[in-house]
Amino acid sequence: MNLATSLEKVKGVGPKTAGDFALAGLRSVNDLISFLPRTHEDFSEVVRIADIHPGKMTIKARCEKITTRPVRRGLRITTATLVDDSGKLNAVWFNQPYRTTQLAKADEEFYFSGEFEFNYNKYQLTNPSAEKVSDMPVQTDRLLPVYRSIKGLKSQLVRKILAELRPLITMLPETLPPEIVASEGLLSRSDAILGMHFPKTASDIAKARERLAFEELFELLLASQLNKQDNAKLTGWHIPFEQPVVAGFVKQLPFELTGAQRRAAWEIIQDFEHAVPMNRLLQGDVGSGKTVVAGLAARQAASHGFQAALMAPTEILANQHAETLASLLEPFGLRVGLLTGSVKGTARKTLYEQIAEGGVDVVVGTHALIQETVQFHKLGFVVIDEQHRFGVKQRQELLKKSKHMPHLLAMTATPIPRSLALTVYGELDISVLNELPRGRKPIATKIWSPNSRAQLYELMDVELKAGRQGYVICSLIDDNPDNEVKSVETEYKLLRQGPFKHRTIGLLHGKLKSSEKEAIMHQFSTGRLDMLVSTTVVEVGVDVPNATVMLIENADRFGLSQLHQLRGRVGRSTYQSYCYLMMSDSSKPTRRLREIEKSNDGFYLAEVDLTLRGPGEIYGHAQHGALNLQVATLADTKLIARAQKQAKRFVATGDNLLQYKQLAAQVEKYQRLTTLN
Ligand code: ADP
Ligand code: MG
């Protein structure tokens with residue numbers, strides 16, 4: 001038996017079990033060895049019920065009585081009486097009705113492990129885990145790994161099979177360079193995996209985690225360093241700084257640039273002058289004015305005959321950018337083209353020709369830009385707006401449309417916490433717009449209960465009456481996109497017939513034809529609609545400064561970053577803006593809602609989101625879902641700093657990565673996943 005042996009050949013794994021494992025992507029011995037426990041339960045200190053005190057407690061007891069009852073929509077409470085020789089105790093579970101069947105067998109003994117606390121006016125054990133005593137390993141005085149549940153497979157079985165594999169784990173080869181393991185004082189790979197699956201003490205687990213997390217971070221950071229090195233070897237376009245051109249552009253702006261915009265623009269201009277292609281991330285909170293920075297850079301590039309391309313994730317956004325850039329650049333005789341799915345027939349053909357012959361200087365578009373038929377005359381500068389919406393492949397396709405690697409500016413309004421920037425985007429230079437244009441007031445945000453809906457409509461109408469505009473955002477109620485349209489249409493009708501019948505209201509959703517969407521957005525942005533009832537299609541980038549009030553329905557269904565993005569559609573002028581977060585019911589607001597109510601700071605909210613959800617979900621699966629960090633958390637800044645130091649040293653000493661085969665494979669995978677070009 002070796003690491004590549006298929007699980008089916010392992011003692012205790014029948015075809016059925018092997019099939020279940022395979023569904024979870026576990027096929028080989030190595031896959032299962034690397035399948036780390038989700039958490040560990042501490043059964044080493046079992047107390048008698050008579051001796052219990054507040055805190056995390058484990059008891060060995062039988063379940064005497066158990067019932068589940070619905071309390072309100074979305075909440076079912078299961079309560080049980082647990083008994084041992086010394087006494088009785090109440091236990092409670094929230095939304096775990098299966099406990100009733102699990103625990104119903106009266107004479108079966110279980111270990112219950114949970115928080116013993118004062119809750120709902122009495123002491124009880126809250127949400128305890130339950131492990132059959134008869135399922136436990138013989139020596140019960142130890143920590144038990146708990147595995148992510150796989151359909152039909154209990155942790156218990158996983159533990160049993162891993163016990164079979166234990167001899168093999170003790171022989172696992174080292175994957176990190178030995179000097180690093182030694183100088184960082186890390187466990188060997190084999191000891192770390194043993195420590196996760198068979199810990200004896202809490203410190204075993206901590207050391208095992210440290211080693212495995214270090215390894216993941218080291219790989220990620222090394223990948224970043226290597227990407228940066230690769231990028232430095234490329235030849236780019238040299239675009240010399242033209243002071244009068246830039247000054248002329250700035251002079252005709254209807255506003256003064258913020259200090260942050262100036263700094264970012266200057267950093268880009270300097271990058272243009274280098275022979276190495278720019279690889280820069282422009283991160284600025286919603287409304288910080290990224291578009292004009294991109295416009296300035298495009299102006300500078302055009303002064304040397306270079307074309308620029310700007311790719312946006314939605315058609316609405318591409319239209320808006322094309323309009324903005326045209327108004328900024330046409331006064332200088334530059335031509336802006338718009339290429340989206342709705343540009344058809346001869347218009348499309350003509351545009352292709354113009355792009356190929358250099359008849360347009362700036363091409364704004366959606367994914368349509370990356371099609372093979374699109375050929376540029378001399379593409380020198382690529383801007384990707386809302387870059388996390390695109391996959392690596394799509395960016396690469398666009399960058400390939402030039403003889404030399406074009407300069408790349410990736411823009412994002414989802415601020416990236418420092419730790420993530422370092423690990424995942426370490427190869428990038430970063431410009432930050434940490435300053436909003438002058439005169440902006442923080443958006444007043446308020447959580448609202450459906451009980452007082454009528455008052456809210458009155459408040460909103462005050463804004464509309466004053467000539468401002470508003471958004472009502474409806475969410476996807478379930479996973480069926482058809483229902484999204486239904487819910488937004490229903491809302492639209494309700495508002496139009498009821499509280500806002502004296503206003504003009506528009507309806508916007510993803511299922512409309514592009515021309516219809518465009519027409520509605522146009523009506524809204526020119527002030528002919530007082531209110532827009534919409535799905536989240538307005539989430540990214542839409543800029544209508546006169547809109548000052550937003551109502552988000554079922555706000556609890558959205559993620560934190562998404563709420564912040566949505567809210568960013570208001571607060572784009574010097575008027576005071578408002579954002580109301582309507583809850584789906586009148587229960588206690590979630591942490592997410594409380595955080596967003598409290599803060600307008602995208603960086604802060606991104607940090608919170610990172611701790612609440614993890615990087616994969618925030619930054620989109622196109623890019624990071626596959627990163628699949630098992631152990632490392634990006635909140636661990638100390639470990640990141642250590643791994644960063646070692647990764648830099650590794651690159652600097654020119655150590656040959658290829659001699660560490662497994663490490664090299666992993667690093668290569670990360671390089672592919674995180675590179676911007
Ligand atoms: P985002 O960074 O969210 O993409 P935009 O580029 O859409 O922001 O800009 C938001 C709004 O702010 C636009 O209406 C833009 O014209 C305006 N704006 C940008 N920079 C400034 C500035 N320095 N002063 C005043 N308004 C500005
Ligand atoms: Mg934008």
Side-chain angles (χ1 to χ4, degrees), residues 246 249-266 268 280-299 310-329 331 362 364-366 383-390 409-416 430-443 468-469 471 521 524-527 536-548 550 561-575 577 579 600-603 605-606:
V246 172
F249 178 87
V250 173
K251 222 172 98 197
Q252 57 86 47
L253 289 175
F255 44 71
E256 227 178 85
L257 290 178
T258 64
Q261 284 171 322
R262 265 174 226 280
R263 274 193 300 281
W266 178 235
I268 295 168
R280 185 169 286 280
L281 184 70
L282 177 60
Q283 49 169 321
D285 213 338
V286 280
S288 59
K290 292 181 288 290
T291 319
V292 65
V293 175
L296 184 150
R299 170 75 190 103
L310 189 155
M311 184 157 72
T314 64
E315 242 183 276
I316 292 180
L317 215 51
N319 291 336
Q320 178 187 293
H321 282 321
E323 257 173 57
T324 308
L325 291 177
S327 75
L328 291 172
L329 299 172
V362 178
V364 180
T366 52
V383 184
I384 313 270
D385 193 25
E386 309 297 345
Q387 68 87 19
H388 59 284
R389 290 298 185 98
F390 294 98
L409 183 69
M411 307 203 290
T412 178
T414 306
I416 294 166
I430 298 186
S431 298
V432 180
L433 299 185
N434 53 1
E435 191 182 345
L436 291 182
R438 198 147 10 118
R440 297 278 167 86
K441 299 182 182 68
I443 302 161
R468 305 283 81 76
Q469 291 162 280
Y471 296 96
M521 268 327 288
F524 188 63
S525 65
T526 51
T536 54
V537 291
V538 300
E539 178 193 344
V540 287
V542 168
D543 183 41
V544 179
N546 189 48
T548 56
M550 171 175 281
S561 294
Q562 205 182 5
L563 286 172
H564 182 61
Q565 280 287 325
L566 283 167
R567 177 174 62 176
R569 298 317 108 214
V570 296
R572 297 185 153 251
S573 64
T574 49
Y575 299 117
S577 288
C579 176
N600 266 293
D601 180 348
F603 280 89
L605 293 172

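Side chains included, hydrogens not; waters and symmetry mates left out as well; all remaining heavy atoms used. We count ligands from 1, going down the list as the structure has it; atoms in each ligand are counted the same way. Keep in mind that what you see is a predicted model, and the values were worked out from it rather than measured.
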Within a distance under 4.0 Å of any heavy atom of P545, pick out the atoms of ligand 1 and give their elements.
-> 14 (O)

Report, in ascending order of atom number, the atoms of ligand 1 lying under 4.0 Å from any heavy atom of T291.
-> 4 (O), 5 (P), 6 (O), 7 (O)

How far is atom 14 (O) of ligand 1 from its nearest protein heavy atom, and which residue and atom name does that atom have?
-> D543 OD2, 2.7 Å

Which ligand 1 atoms does T258 reach within 4.0 Å, using its non-hydrogen atoms?
-> 23 (N)

Is a side-chain donor-acceptor pair under 3.5 Å present for R280 with S431?
-> yes

Look at the side chain of E435 and the backbone N and O of T258, then say whether any donor-acceptor pair between them is shorter than 3.5 Å.
-> no

Under 4.0 Å from one or more heavy atoms of G289, ligand 1 contributes atoms 1 (P), 2 (O), 5 (P), 6 (O), 8 (O), 9 (O), 19 (C)

Show which atoms of ligand 1 fall inside a sub-4.0 Å distance from at least one heavy-atom site of G287.
-> 1 (P), 2 (O), 3 (O), 8 (O)

Subset of ligand 1 atoms that lie under 4.0 Å from at least one heavy atom of V286 | 3 (O)

Approximate separation, where rounding is to 0.5 Å, of E256 CD and K251 NZ = 14.0 Å

What's the shortest distance from atom 20 (N) of ligand 1 to any protein heavy atom, and which residue and atom give it?
-> Q261 NE2, 3.0 Å

Whether K290 side chain and L282 backbone form a donor-acceptor pair below 3.5 Å = no

Using a strict cut-off of 4.0 Å, indicate which atoms of ligand 1 neighbour a heavy atom of E256.
-> 22 (C), 23 (N), 24 (N)

Just by modelled atom types, is the M311 backbone N or O under 3.5 Å from a matching donor or acceptor in the D385 side chain?
-> no

Looking only at non-hydrogen atoms, which of Q565, R440, K290, R572 approaches atom 12 (O) of ligand 1 most closely?
-> R440

Could you check atom 25 (C) of ligand 1 against the protein and tell me its nearest heavy-atom contact, residue, atom and distance included?
-> P437 CB, 3.4 Å

L257 neighbourhood, listing ligand 1 atoms whose heavy-atom distance to it stays under 4.0 Å | 23 (N)

So, does E323 use its side chain to make a donor-acceptor pair with the main chain of Q320 at under 3.5 Å?
-> no

Between M411 and V383, is any pair of side-chain heavy atoms under 4.5 Å apart?
-> yes

Where do D285 and H564 land on the side-chain hydrogen bond (donor to acceptor under 3.5 Å, both in side chains) test, with the steps shown first?
-> CA-CA 9 Å; D285 213 338; H564 182 61; 2.6 Å; yes

Protein contact of atom 16 (O) of ligand 1 - nearest heavy atom, named by residue and atom, plus distance | F255 CE2, 3.6 Å

Can you tell me if T548 uses its side chain to pair, donor with acceptor, with the backbone of S577 under 3.5 Å?
-> no

Mind checking what makes side-chain hydrogen bond (donor to acceptor under 3.5 Å, both in side chains) contact with R468, not counting sequence neighbours?
-> N546, Y575

Under a heavy-atom criterion of less than 4.0 Å, does H321 contact ligand 1?
-> no

Judged by non-hydrogen atoms, does S288 sit under 4.0 Å from ligand 1?
-> yes

